[in-house]
There are 2 protein chains.
Amino acid sequence: MSQTKTPRRTQAERTRASREKIIHSAMESFAQKGFRGAKMADIAQAAGLTGPGLLHHFPSKTHLLMEVLKERDRIHKEQTDETLQKNNNDILEVAAELVEQNQATPGIIQLFNLLVAESISPEHPAHGYFTKRYHNGREAWVQIIAQGQAQGDIRSDISADDLGVLLLAMMDGLQVQWLMEPEKIEMARIFRVFVNLLKNRR
Amino acid sequence: MSQTKTPRRTQAERTRASREKIIHSAMESFAQKGFRGAKMADIAQAAGLTGPGLLHHFPSKTHLLMEVLKERDRIHKEQTDETLQKNNNDILEVAAELVEQNQATPGIIQLFNLLVAESISPEHPAHGYFTKRYHNGREAWVQIIAQGQAQGDIRSDISADDLGVLLLAMMDGLQVQWLMEPEKIEMARIFRVFVNLLKNRR
DNA sequence: GTCTATACCCTGATAGAC
DNA sequence: GTCTATCAGGGTATAGAC
């Protein structure tokens with residue numbers, strides 16, 4: 001098992017493993033306490049090292065946050081692309097499945113929910129990140145919604161622009177109630193009820 | 001103008017004025033930075049006094065937060081009752097008008113948006129407050145929605161329970177996008193688009 | 001690459017004068 | 001009722017050993 005012949009590579013792998021562990025525990029802490037409330041020492045301890053040990057991998061708390069967001073984006077893009085491909089162009093079904101998937105990872109949802117709220121302040125380190133993310137994200141949805149309207153799958157008495165806003169808003173809004181009472185609010189089911197309102201009645 | 005004859009009453013009035021000033025600036029700070037990010041000294045300075053001066057009126061930061069929430073509840077209840085009375089039983093119109101009113105007070109909306117996100121953590125001092133608030137609030141909406149369904153104003157192919165969740169979710173979700181791009185997202189107009197989806201088509 | 005020790009700042013809260 | 005001075009605690013980040 002041990003690779004004594006290639007210590008350099010083993011070292012690099014160990015570094016990578018540490019970074020991943022740190023990012024993972026950072027996600028949990030930021031989700032629970034937000035960027036402002038999370039403590040570096042706690043994140044470090046959960047990753048099996050001390051504060052300074054963590055700071056060897058990420059030069060500051062802000063840097064760590066950015067890496068967390070980047071990592072999450074990578075996963076999210078993968079997930080979305082895959083779901084998009086599976087349900088070719090059926091944007092409403094894609095949205096519904098994304099909400100289903102979200103329901104399996106409350107930690108991540110809480111993370112984004114809290115960071116978005118914090119980052120509305122322009123001084124917040126993730127302010128630019130989230131404004132851009134929302135802007136681009138909405139634009140992407142609107143594009144595909146317009147396609148759905150052209151194909152006759154989605155009702156056309158509401159503009160694609162408005163539908164994009166409504167779709168994102170419902171995703172965000174349901175998350176809040178679901179995070180508060182996960183046992184009571186059936187997020188995915190209720191989201192499908194909403195989605196049905198947007199379908200073109202043939 | 002000056003009431004030299006009743007120093008006791010003048011004193012009391014001055015105290016009351018101080019408390020109001022403090023609560024007002026606390027609202028702004030909590031809205032901008034959240035409970036965890038807001039600094040007592042800043043709140044005090046914005047209210048025209050020092051940290052200890054503030055703490056004479058509110059024994060701790062948590063106490064101050066609770067008073068802020070109570071104060072907001074008072075105003076909100078007034079507003080809701082008034083709007084309810086004006087549009088007797090037309091719950092959808094009431095909701096739409098509330099969103100319109102919200103659009104005039106971005107500070108308060110940001111305050112609640114951020115505090116709700118923070119308070120999902122069970123250790124947060126406002127956790128109990130917001131879980132209760134959402135629970136009761138939703139229950140109240142559901143009741144009135146059921147009335148609207150019985151009268152034939154609201155579509156009945158979706159349960160009142162689900163409609164209540166959807167209505168609150170859309171309010172919350174639109175707020176996020178609107179807070180990020182106030183100039184671009186026409187919250188009240190788009191909410192009315194949504195509300196129209198819930199009306200019974202006669 | 002990770003540790004111990006620590007510097008240094010920030011923040012909520014207290015003590016006591018006025 | 002508000003101030004100045006100050007404390008105690010907790011936070012990020014650095015220095016330097018191993």
Side-chain angles (χ1 to χ4, degrees), chain A residues 2-4 6-26 28-30 32-68 118 121 123-126, chain B residues 2-4 6-26 28-30 32-68 118 121 123-126:
Chain A
S2 68
Q3 285 277 37
T4 49
T6 54
R8 201 121 61 185
R9 196 169 179 283
T10 302
Q11 194 76 307
E13 279 175 357
R14 212 173 274 160
T15 296
R16 209 173 135 269
S18 267
R19 282 182 57 102
E20 273 174 21
K21 247 188 168 175
I22 292 168
I23 287 185
H24 186 261
S25 60
E28 286 197 358
S29 274
F30 288 149
Q32 207 62 26
K33 308 273 192 155
F35 176 70
R36 292 191 175 113
K39 290 176 283 190
M40 292 295 268
D42 289 354
I43 295 172
Q45 193 180 6
L49 35 71
T50 60
L54 188 164
L55 286 167
H56 170 73
H57 297 277
F58 305 91
S60 81
K61 194 184 183 183
T62 299
H63 280 82
L64 176 55
L65 171 64
M66 290 313 177
E67 291 302 315
V68 164
E118 269 188 328
S121 257
E123 313 97 79
H124 193 280
Chain B
S2 67
Q3 285 278 37
T4 49
T6 54
R8 200 120 65 184
R9 196 167 180 281
T10 301
Q11 194 76 308
E13 280 176 353
R14 213 172 274 162
T15 296
R16 210 173 134 268
S18 267
R19 283 181 56 101
E20 274 175 18
K21 250 188 168 177
I22 292 168
I23 287 185
H24 188 260
S25 58
E28 286 199 357
S29 274
F30 288 149
Q32 206 64 26
K33 309 270 194 160
F35 176 69
R36 293 191 176 113
K39 289 175 284 191
M40 292 294 268
D42 288 354
I43 296 172
Q45 191 179 6
L49 34 71
T50 60
L54 188 163
L55 285 167
H56 171 72
H57 297 277
F58 306 90
S60 79
K61 195 183 182 184
T62 299
H63 280 82
L64 176 55
L65 171 63
M66 292 311 179
E67 290 303 316
V68 164
E118 268 188 327
S121 256
E123 313 97 80
H124 194 281

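Quick note on labels: first sequence line is chain A, next is B, and so on, each numbered from 1. All values below were derived from every heavy atom in this structure, side-chain atoms included, with hydrogens, water molecules and symmetry-related copies excluded.
Checking side-chain atoms of B:S29 against main-chain N and O of B:A26 turns up no donor-acceptor pair under 3.5 Å.
Near-neighbour residues of DNA chain C inside residues 33-51 of chain B, defined by a heavy atom below 4.0 Å, number-ordered: B:A38, B:K39, B:M40. Listed by residue number, the members of residues 55-68 of chain B with any heavy atom below 4.0 angstrom from DNA chain C are B:L55, B:S60, B:K61.
Qualifying side chain to side chain contact (heavy atoms under 4.5 Å, CB included) partners for B:Q32, counting only residues two or more places apart in sequence or in other chains: A:S121, A:P122, A:E123, B:Q110. With sequence neighbours left out, the side chain to side chain donor-acceptor pair (under 3.5 Å) criterion links B:S60 to B:H63.
Rounded to the nearest 0.5 Å, atoms CG (A:L55) and CG (A:L49) are 10.0 Å apart. Considering CD of B:Q45 and OG1 of B:T50, their distance stands at 10.0 Å, rounded to 0.5 Å. With values rounded to the nearest 0.5 angstrom, B:L65 atom CG is found 11.0 Å from B:I23 atom CD1. Rounded to the nearest 0.5 angstrom, A:K21 NZ and A:R16 CZ are separated by 14.0 Å. Distance CZ/B:R19 to NE2/B:H56: 10.0 Å, rounded to 0.5 Å.
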Next on the checklist: Apply side chain to side chain contact (heavy atoms under 4.5 Å, CB included) to residues B:I43 and B:L64 and explain how you reach the verdict.
Outcome noted: CA-CA 10 Å; B:I43 296 172; B:L64 176 55; 4.2 Å; yes
Checklist entry - Please walk me through it: do B:K33 and A:E118 pass salt bridge (Lys or Arg N to Asp or Glu O under 4.0 Å)? => result CA-CA 7 Å; B:K33 309 270 194 160; A:E118 269 188 328; over 6 Å; no
Item to check | Pair B:S18-B:H57, side chain to side chain contact (heavy atoms under 4.5 Å, CB included): steps then yes or no | outcome: CA-CA 8 Å; B:S18 267; B:H57 297 277; 3.7 Å; yes
Checklist entry - Which dot-bracket notation, 5' to 3', represents the base pairing of DNA chain C when pairs are defined as Watson-Crick or G-U with both distances under 3.5 Å, crossing pairs as [ ], and inter-strand pairs as |? => result ||||||||||||||||||
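Taking 4.0 Å as the cutoff to heavy atoms of chain A, we find the contact window on DNA chain C bounded by C:dG1 to C:dA5.
Below 30°, between 30° and 60°, or above 60°: for A:F35 and A:F30 the angle between ring planes is between 30° and 60°, a tilted geometry.
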